[in-house]
Amino acid sequence: MIRPRPGILNPEGQTIERALRDLGYAGIEGVRVGRTIGLRIEAADLTNCEQLVREACERLLANPVIEDFEFHVSEVSNPPLVAG
Amino acid sequence: MIRPRPGILNPEGQTIERALRDLGYAGIEGVRVGRTIGLRIEAADLTNCEQLVREACERLLANPVIEDFEFHVSEVSNPPLVAG
Amino acid sequence: MRFGIVRFPGSNCDFDCERAVRSGLGEVPVILWHKEESLLGADIVLLPGGFSYGDHLRAGAIARFSPIMKAVRAFAAAGGPVLGICNGFQILCEAHLLPGALIRNRGLRFRCHSVYLRVESTVTPFTGEYGERQILCLPIAHGEGQYVADADTIDELERDSRVIFRYVDRAGETTTDSNPNGSLRGIAGVCSAKRNVVGLMPHPERAISQLLGSADGLGVFQSAVAALASLEGVAS
Amino acid sequence: MTPVEPGVLASREAVPPRVDSAASAGRTPDRDDLLSLAIRHGLTEEEFDAILRILGRLPSLPEVGVFSAMWSEHCGYKNSRPLLKTLPTTGDLVVEGPGENAGVIDAGDGWGVAFKIESHNHPSAVEPYQGAATGVGGILRDVFTMGARPIAVLNSLRFGSLDSARSRYLLDGVVRGIGDYGNCVGIPTVGGETIFDPAYEHNPLVNAMCIGIVRLDSLARGRADGVGNPVMAVGARTGRDGIHGATFASAELDESSHESRPQVQVGDPFTEKLLLEASLELIQRDLLVGIQDMGAAGLTSSAVEMASRSGSGIDIDVALVPVREEGMTPYEILLSESQERMLLVTHPDCVADVREVLERWDLQAATIGTVTDDGTFRVRESGQVVAEIPVTELVHGCPTYTRDAEESPAAKRLREMDLTSLSGLDTDSEAAEALLSLLQSPSIGSRRWIYEQYDTSVRTNTVVGPGSDAAVLRLDDTGRGIAASVDGNGRYVFLEPRRGAAIAVAEAARNVACSGARPVAITNCLNFGNPLGTAVYHQLSEAVAGMGEACRALDTPVTGGNVSLYNETPSGPIYPTPVVGMIGLLASLDHVVPCAFQETGDVVLLLGNTEEELGGSEYLAVRYGLVAGAPPALDLAEARRLVDFLVRAAEAGLLRSAHDCSDGGLAVALAESCIAAEPAPLGLDTQLRAGVGAAATLFGESQSRVVLSCTAGNEARLREMAREYDLPVTGLGSVGDPHGGFRVATETLQIDLDVDQVRESYESALPGRMEREAGLTS
Ligand SMILES: Nc1ncnc2c1ncn2[C@@H]1O[C@H](COP(=O)(O)OP(=O)(O)O)[C@@H](O)[C@H]1O
Ligand SMILES: [Mg+2]
């Protein structure tokens, strides 16, 4: 899960917020749009897998200038399952 | 959380999968990219809030032709906080 | 003197850059395939616009890992002139060769039309031939051109005159309406600390001939030639 | 979050469900099973019997699918072919007429221009963003498979009234879809048309046209020659998307279409760009025998059409096709409409080189079969034959129909309606209000909101982009130009099909000629309702006749096109909407004429006569909510002389501007030429004396009229030249000051406004209605 860092503008969120208001939904605020990336990864164990995913997020999947990331890993039969 | 429906092509996921492979991450597959939308909503109670969020997803946030959505609501002091 | 134009999968202004160099300067550029690791002797490197890797994930995010980017990085570190246009600017930011990031336009829509730009600094290899605060008319064509950075970075850029182009109106004033994408302080282009790496969202390579509406972009390419000539003059 | 489990769809969305259940029940389907299956695929019982005769046995399940796709309206033209045969398709400049993936004309200096238009109406009604995007993708492939590099796309769009939220949603999605796809591939969108009318409320029209350029000595074709030559599938993997799009595109939309979701295909412009570059490289290096896009009816139609053009056969094994999901059946692989796929025929000696090129562009390729000489389309699954059909029967054996035609009494009644009883324009302020409300009308107001979402200048060929009568592109660096315009007026065709369709051709030609180019050929898209209805068939047959007449008169042959029938919803058929895509050529870009006034003091002239003609006009629609009366008369000989005159005047350098008079009439045309002036709108001072009522003078849509401006010094020569071409010229007045007054007087009334106010109405037409609607999904 990759989300815009606090303080960084989020045009998608702003637009949705306005559109929701136009549709008559009052009292909605703080809309922020991020990305989810789901994938399956083959790794020796969960720790190894977590390490891989963290590295992939840091190197490629998230841009630290504007984004934070968080992920969770869960084992599926084989190969294990990851949701970032 | 809004994700491409199963069977619907997800070109973005494919490109990322390839890029990860080129970066040397072997054994990664099934990459699918979706969106997360976080928002705060003011509602009488949780049930009411859930109903609002479901409706907003159906009407605006997700495109039912190609996307599925799922959300969860949790109460924050006031106003409550939602992650869709 | 040799222009090198990097071609990523999904680049689509490579042809326009090539045409600009050919017709504007009478030079024949070399095309640098992204899978190569050498710049083939290029003296000036252009990263063209387009949608490298479909702009998937984030514009420029994947391209920065291409083999050619290692060479570009080394070239930039050695002071070589590098220009990123549009997607090329996005790639340079993703590669941390330039500060900040480019996010979706305010209003979320892709926008293509002419804009006015003010040249904020002529002290780069790509703006030397322009006048101080000269007003240019160039086309933009982007969906993710909103320049953002944290406040400290912006202050530093302003303090060091590293904001190179700013969106302005016809009269040369920065206004909300003249800012097509919501960029902080109307920033349309910046340069690196050593000033040799420049990125901008508008397309100078599309403004080479009055036939297509403007020849204001030619100065970017002429500046590079002049900058290189004076470097060589110093060297010899 | 859960990743997609491959194959989970198999049970849920397999097509066709009923036969799968027959098969899984272990029972061999009998004639009745197959007949009912065929009927659900849109075939008739007679057609089913024809299949039995052709095969001499019962068809297999895949065979039913193959026949139904190839014999659908979309691929087989069963209701339109006899009509299309009447169109003129030859001419001095025609290099490729109908039959190939795109038409090609000779543009001089060894260059050819390839162009074609195609509809994506039904997919866009269900999912506007992806529907429009994949429409652009398909038409690009049709052009680059000819070996031509696409240099521009145009589009022709129809929506319901913008007062409806659904129409706004569709417009927003379609525009973003067209933009995102073309922008990403890097092909500028340089023009188009967008009309709003309640007749399209539930059935929008999305037609996309692509123009490419090619060296005539390196044209490629969709052929499967050479026994034993390998057949390769290239590009995206085959998934379950869009299965049976071809028959879907040929069936009326009803409520349940929204349930038929797997028919939505998702486009991937990034893969398209790779495919484009790789294909052109393969063609350039002469590594291919033939190449074709897997478009409607996917692998089936591309393989069959390629074999048909060569008189050969094709033998493929679906087990060799790279698939995206597990467990795909031969039926699904044959009919999948997954996007961004091509079928190549190469030579055994070239396979390695072909693979090298494709790999360099990160594309997948698989050899899936070979060319044969037995004229048979043979499909295997891991060696075992699952379908075996004579190619020519699939392509030419499709029964064609000439249906009963009878004009709709309702259309006749409306056409014959007496318009003289309508309240006229009586006061100056009524006239000014009428003008402003026309300029505010979504069908007339500025399209800037649309085209600024398109990259209009990439590839640096766009000399004149959207917002003018015709787009003008440079032809490489030859100094020559290509002009293009798309036009069609469904109201006119509804009221009087033959004349309406002829007007579409004449208007497109006029637009192109206003830019200074000589119109040379057209492509067309016939968007009509269900041809089994006698009224619709009447519209179709009359319209094709009118189109043919106009093309002959203007010497602009038809090099290709597309037919989209069954554009109906529970609320009735759409207006019959033939869309004409006209190509023009300019010998020199020095002769380009803008549509905007250039300078204060220039003389403003009107070519052509203004008659008492308000039938079918935008004025009636906006002011009275009325679509009625006879559309304006069209004299084809005069239309031709007008075109010849415009080209000659442009070449002589006599024109400062030229702008076609069409929707909204003369007052709107004058306003547009003022508004378009750069850098600031120019005022106007004109006096119109047409000898007809004020409404017809200002807003009537009489044909073959053009607003010209020239320097005072050139006026006499222009008038003289017009006389030579036997064209009436009237002096209207002169161009005013920047930001000045906009004055248009008739014999009885005077409109007196500020040009800035005029511009404000015009510019706010779309943003005022759309800017609150944002693209949030996909
Ligand atoms: N309205 C039309 N007028 C003339 N030719 C047409 C028309 N519609 C289709 N054609 C021609 O018939 C041929 C077959 O068309 P089609 O099956 O639509 O090709 P594709 O497979 O590219 O969609 C094409 O060459 C096309 O140009
Ligand atoms: Mg085709």
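Within every chain, numbering begins at 1; the chains are lettered A, B, ... in the order of the sequence lines, protein sequences first and strands thereafter.
In this structure, B:Ile8 CD1 and D:Gln130 CD are separated by 8.0 Å, a value rounded to the nearest 0.5 Å. The line from CD1 of B:Ile66 to OH of D:Tyr129 is 9.0 Å long, rounded to the nearest 0.5 Å. Residue D:Tyr169 holds its OH atom at 10.0 Å from CG of B:Leu60, rounded to the nearest 0.5 Å.
Within residues 12-20 of chain B, the residues having any heavy atom closer than 4.5 Å to a heavy atom of chain D are B:Gln14, B:Thr15, B:Arg18, listed by residue number.
Taking the side-chain hydrogen bond (donor to acceptor under 3.5 Å, both in side chains) definition, one finds that D:Ser124 meets it with nothing, sequence neighbours left out. For D:Ser119, the side chain to side chain contact (heavy atoms under 4.5 Å, CB included) partners are D:Asn121, D:Asn207, D:Cys525, D:Asn527, D:Asn562, D:Ser564, not counting sequence neighbours. The ring pair (Phe, Tyr, Trp, His ring centres under 6.0 Å) test applied to D:Tyr200 returns no partner, not counting sequence neighbours.
Contact annotation: the side chain of B:Pro11 approaches that of D:Val266 to within less than 4.5 Å [non-hydrogen atoms, C-beta and beyond].
The choice from B:Leu9, B:Val31, B:Asn10 that makes the most heavy-atom pairs within less than 4.5 Å of chain D is B:Leu9.
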